[in-house]
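Below is one structure; the comments refer to it alone.
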There are 2 protein chains.
Amino acid sequence: MVLPRAAKTQRRTRIQEEKEERILEAALEVFSLHGYRGATVDQIAEVAGMSKPNLLYYFRTKEAMHRALITRVLDTWLDPLREFDAAGNPVAEIRSYIRRKLEMARDFPRESRLFANEVLQGAPNIEDELKGPLKALVDEKAAVILAWAKAGKIAKCDPYHLIFSIWSTTQHYADFDVQVRAVLGQDQADDGRFEDAARFLEQLFIGGLQVRDQAS
Amino acid sequence: MVLPRAAKTQRRTRIQEEKEERILEAALEVFSLHGYRGATVDQIAEVAGMSKPNLLYYFRTKEAMHRALITRVLDTWLDPLREFDAAGNPVAEIRSYIRRKLEMARDFPRESRLFANEVLQGAPNIEDELKGPLKALVDEKAAVILAWAKAGKIAKCDPYHLIFSIWSTTQHYADFDVQVRAVLGQDQADDGRFEDAARFLEQLFIGGLQVRDQAS
DNA sequence: CGATAATTTGACCGGTTGGTAAACATTACA
DNA sequence: TGTAATGTTTACCAACCGGTCAAATTATCG
């Protein structure tokens, strides 16, 4: 047999697992930096420290690599939202969701940029994922937020746009990192940037969602 | 003479101006959709309705086209921030800044995505612009916001991260349009989406920046 | 060890890409 | 109208890119 990619569900050799890991790591590096079309297989092979045909032995096409990567990233990317707990304290839940998303932007900027690149260019490969699992998850959590609002625990607001705004503000620090650094000046320590952001976003969202008397 | 690109500052013929305009329009379309490396000169030429060599007669390289486009977009992109008025009512100024940025995301999504693509991939061609004019403008407006906060007109907050959060939340509707549509479902009218966003963002920022008693 | 399967490599291929050369057409203008 | 500058097109090229192939090398295991 020549093709390891076949229906063999059993992950055969340890070497296979190692190589595929190295490839996906390299692919993440290159794809997140140059986008799908901007990345070349030779580049990925070089970063992975192997020859191009060797790489193509494990992933038969460039697209297969990209698919594997996107699927994996998209899955872990939604973990913070999944942890969003309907039974918890609303303000505490929102606060910790913001914090977790911001930590992901800090610790996994490449994953964030990979995803941003994909969506920015029309998400040709993950449209189904977005309209299916992602939408379902957001719908579920939006309902929770709406219930909190109706119970008077937070201000009444559009839960979808609330989620969008948390996504955008936090991922901004990964996706637009260059711009953020340019504006702030790079004299600032890495952590400082994220600590300030966390403090500000907490203030913004907690303040903005605070219940206030609706009487005019 | 063969090369129109030379030091002739005089915009010679009307035909030159028209063609360059058509080319930049086409380039914006293609670059914003596929990124720099994903775009091909043939594609741009086709959208512009001319042959590739003809296009290359006006812009000698793909990179020259991209540079011209980025410079122009970056300039108009900052107009809303320039209008930010220190003498105005703080809350009204912030509200109208958000509205203008959101209108730009709605009316000029290609410009937003072109810029996002560039920054996302490390902004290799505009780093100087970011660290120079952009930073200077943001510094200036951040000082204004800080003064408002110190005067007790809005809550004390980090002005830089406030600006970042307005950028990110508004541009999100252009850059991540596909995702927004997927989550909301495309049954919704285009305007509705932006009206809801405007309402939410106004609530978020005005509420979040409202002065409240600092006593614990 | 011997044999079979898994892995790795260098050489190569057809298609695409950014860009050029030069002939041809059109416009501006004396 | 003549002519020189400007604009346009056809044909083309070298480099690059994703991917293949067959041969060589290495791991696995009875």
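Lettering of chains follows the sequences in order, A, B, ..., and the numbering in each one begins at 1. FYI, side chains are in, hydrogens and waters are out, and symmetry mates aren't considered; it's all heavy atoms of this structure.
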Worksheet item: With A/K131, which residues qualify under salt bridge (charged side-chain N to carboxylate O under 4.0 Å, His left out), at least two apart?
Response: A/E127
Worksheet item: Under a 4.0 Å N-O cut-off, is there an ion pair linking B/R67 with B/E63?
Response: yes
Item to complete: Specify the separation, in whole Å, of atom NE2 of A/H34 and atom P of D/dG18.
Response: 13 Å
Worksheet item: A/E46 CD to D/dC16 C1': how many Å, rounded?
Response: 15 Å
Discussion item. Is A/Y57 close enough to C/dT9 that one of its side-chain N or O atoms is under 4.0 Å from OP1 or OP2 there?
Written reply: no
Worksheet item: Ring centroid separation for A/Y173 and B/H161, is it under 6.0 angstrom?
Response: yes
Discussion item. Tell me every residue that passes side-chain contact (heavy atoms from CB on, under 4.5 Å) with A/H66, counting only those two or more places apart in sequence or in another chain.
Written reply: A/F31, A/Y36, A/I70, A/L114, A/E118, A/N125
Worksheet item: What is the distance from CD of A/E18 to C1' of D/dA27, rounded to the nearest Å?
Response: 13 Å
Discussion item. Under the ring-ring contact (aromatic ring centres under 6.0 Å, His included) definition, can you give me all pairs with a residue in residues 119-145 of chain A, not counting sequence neighbours?
Written reply: none
Would you list the protein and nucleotides 18-23 of chain C atom pairs, both N or O, that sit under 3.5 Å from each other?
| residue | atom | partner | partner atom | Å |
| --- | --- | --- | --- | --- |
| C/dG18 | OP1 | B/A39 | O | 3.2 |
| C/dG18 | OP1 | B/K62 | NZ | 3.0 |
| C/dG18 | OP2 | B/V41 | N | 2.9 |
| C/dG18 | N7 | B/K52 | NZ | 3.0 |
| C/dG19 | OP2 | B/K62 | N | 2.7 |
| C/dG19 | N7 | B/K52 | NZ | 3.4 |
| C/dG19 | O6 | B/K52 | NZ | 3.2 |

Worksheet item: Of all residues at least two apart in sequence or in a different chain, which pass the ring pair (Phe, Tyr, Trp, His ring centres under 6.0 Å) check with A/F84?
Response: A/Y97, A/W148
Fill in: Residues forming a salt bridge (charged side-chain N to carboxylate O under 4.0 Å, His left out) with B/E83, sequence neighbours excluded
B/R100
Practice prompt. Can you tell me the distance, in whole Å, between the CD atom of A/E17 and the C1' atom of D/dA27?
Written response: 17 Å
Worksheet entry | Between C/dT17 (P) and B/Q43 (CD): distance, integer Å | 8 Å
Practice prompt. Establish, with yes or no, whether the OP1 or OP2 oxygen of D/dT9 is under 4.0 angstrom from a side-chain nitrogen or oxygen of B/N54.
Written response: yes
Worksheet, complete the sentence: For B/D139, the salt bridge (charged side-chain N to carboxylate O under 4.0 Å, His left out) test, sequence neighbours excluded, returns B/K135
Worksheet item: Is B/S51 near enough to D/dT9 that one of its side-chain N or O atoms lies under 4.0 angstrom from OP1 or OP2?
Response: yes
Discussion item. Using five base pairs at each end to define the local axes, how bent is the helix from C/dC1-D/dG30 to C/dA30-D/dT1, to the nearest 10°?
Written reply: 10°
Item to complete: Determine: side-chain N/O of A/Q16 to OP1/OP2 of C/dT7, distance under 4.0 Å, yes or no.
Response: yes
Discussion item. Once side-chain contact (heavy atoms from CB on, under 4.5 Å) is applied, do any residues pair with B/L74, and if so which ones, sequence neighbours excluded?
Written reply: B/F115, B/E129
Item to complete: Please state how far atom CD1 in B/I44 lies from atom P in C/dT16, giving the value in whole angstrom units.
Response: 18 Å
